[in-house]
Amino acid sequence: MPPGGTSARPAGDQPHADEADQRQPDPGRALRHYLLAAAQWRARDRALDVILAHASMDDRPIARMRDDLGRHVDGLVEGAVAAGAVREDFASPDVYAFLHMIGAVADRTEEVAPEAWRRYAEALLMGFGLEQGPAVHTTAMTDGQILRTWPVPSTQLPGDAGQADAGRG
């Protein structure tokens with residue numbers, strides 16, 4: 001599914017991923033625009049990951065959307081690589097890995113710093129060789145915020161008080 005659509009809308013009602021990207025005259029900017037739009041969509045819709053993971057690829061409309069999106073991503077990547085706007089070894093699987101990583105950051109930081117994912121998206125984009133653009137909300141989290149993103153040890157979960165040591169001794 002393209003960024004900007006929602007899983008609840010029929011496929012025909014979803015905006016095409018390439019409409020905004022095609023308006024970008026530079027292949028690197030088009031790829032960057034797509035990556036940030038898709039990352040923002042994923043960061044704001046935590047259920048998206050679950051929905052996509054459970055989508056039946058045997059369903060023809062879903063398979064068609066997957067294939068259409070894959071061709072679009074392939075075209076963006078090929079254009080950016082050919083233009084020298086991104087590392088020459090950048091490939092379409094990097095797009096999906098980027099979205100998984102940013103989704104994980106967004107999920108962990110949503111409660112304490114909802115826009116923190118943008119900072120890490122920018123770092124990855126720069127690592128891919130995409131030029132830096134004006135990024136919003138890219139300040140570092142505080143020590144306190146980052147500590148609040150860490151998993152809570154099972155010994156500190158509600159209802160588990162004292163059970164961690166039970167049976168030892």
Side-chain angles (χ1 to χ4, degrees), residues 1-24 26-57 59 61-77 80 85-86 90-152:
M1 269 182 266
T6 63
S7 54
R9 292 177 12 194
D13 291 347
Q14 294 179 1
H16 296 282
D18 56 353
E19 289 173 357
D21 302 328
Q22 286 179 348
R23 288 192 298 259
Q24 301 292 329
D26 174 87
R29 288 188 189 276
L31 178 60
R32 181 182 180 80
H33 179 270
Y34 176 80
L35 288 169
L36 289 174
Q40 180 172 324
W41 191 42
R42 170 55 183 86
R44 291 185 178 167
D45 188 350
R46 293 179 79 179
L48 179 62
D49 206 35
V50 175
I51 291 168
L52 293 176
H54 292 91
S56 170
M57 292 303 160
D59 186 314
I62 292 172
R64 190 173 30 253
M65 284 191 312
R66 177 204 60 214
D67 293 345
D68 289 347
L69 181 58
R71 282 189 294 276
H72 177 68
V73 168
D74 290 346
L76 288 171
V77 169
V86 68
F90 189 83
S92 295
D94 290 322
V95 170
Y96 305 109
F98 169 85
L99 294 174
H100 285 301
M101 287 184 274
I102 295 306
V105 169
D107 290 348
R108 299 294 289 178
T109 62
E110 181 184 33
E111 302 282 322
V112 295
E115 297 296 316
W117 66 268
R118 293 178 185 278
R119 178 180 181 85
Y120 304 101
E122 190 66 43
L124 288 170
L125 293 175
M126 289 171 56
F128 294 145
L130 287 167
E131 68 179 59
Q132 183 177 5
V136 251
H137 305 291
T138 59
T139 58
M141 287 187 281
T142 65
D143 288 343
Q145 286 175 315
I146 200 71
L147 285 174
R148 290 178 28 215
T149 68
W150 291 4
V152 175

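- Applying the ring-ring contact (aromatic ring centres under 6.0 Å, His included) criterion to Phe98, with sequence neighbours excluded, gives no partner residue.
- For the atom pair CD (Glu122) and CH2 (Trp117), the distance works out to 10.0 Å, reported to the nearest 0.5 Å.
- Contact between Leu31 and Ala80 at its shortest, heavy atoms only, is CD2-CB, 3.7 Å.
- What you find for Met141 and Val112 is that their closest heavy atoms are SD-CG2, 4.5 Å.
- The existence of a salt bridge linking Arg71 and Asp68 is confirmed by a sub-4.0 Å separation between a basic side-chain nitrogen and an acidic carboxylate oxygen.
- Residues meeting the ring-ring contact (aromatic ring centres under 6.0 Å, His included) test with Phe128, sequence neighbours left out: Phe90.
- Pairing each heavy atom of Asp74 with each of Ser92, the nearest pair is OD1-OG, 2.5 Å.
- Rounding to the nearest 0.5 Å places CD of Glu115 at 7.0 Å from CD of Gln40.
- Nearest heavy atom pair, residue Gly28 against residue Leu130, reads O-CD2, 3.6 Å.
- A salt bridge links Arg42 to Asp107: at least one charged side-chain nitrogen sits closer than 4.0 Å to a carboxylate oxygen.
- When all heavy atoms of Ala121 and Leu36 are compared, the pair lying nearest together is CB-CD2, 4.1 Å.
- Under a 3.5 Å cut-off, the side chain of Asp94 and the backbone N or O of Ala91 do form a donor-acceptor pair.
- Note: Arg148 CZ to Thr142 OG1 = 7.5 Å, rounded to the nearest 0.5 Å.
- When side chains are defined from C-beta on, Arg108 counts as touching Pro151, because their heavy atoms get closer than 4.5 Å.
- Smallest separation of non-hydrogen atoms from Leu99 and Leu35: CD2-O, 4.1 Å.
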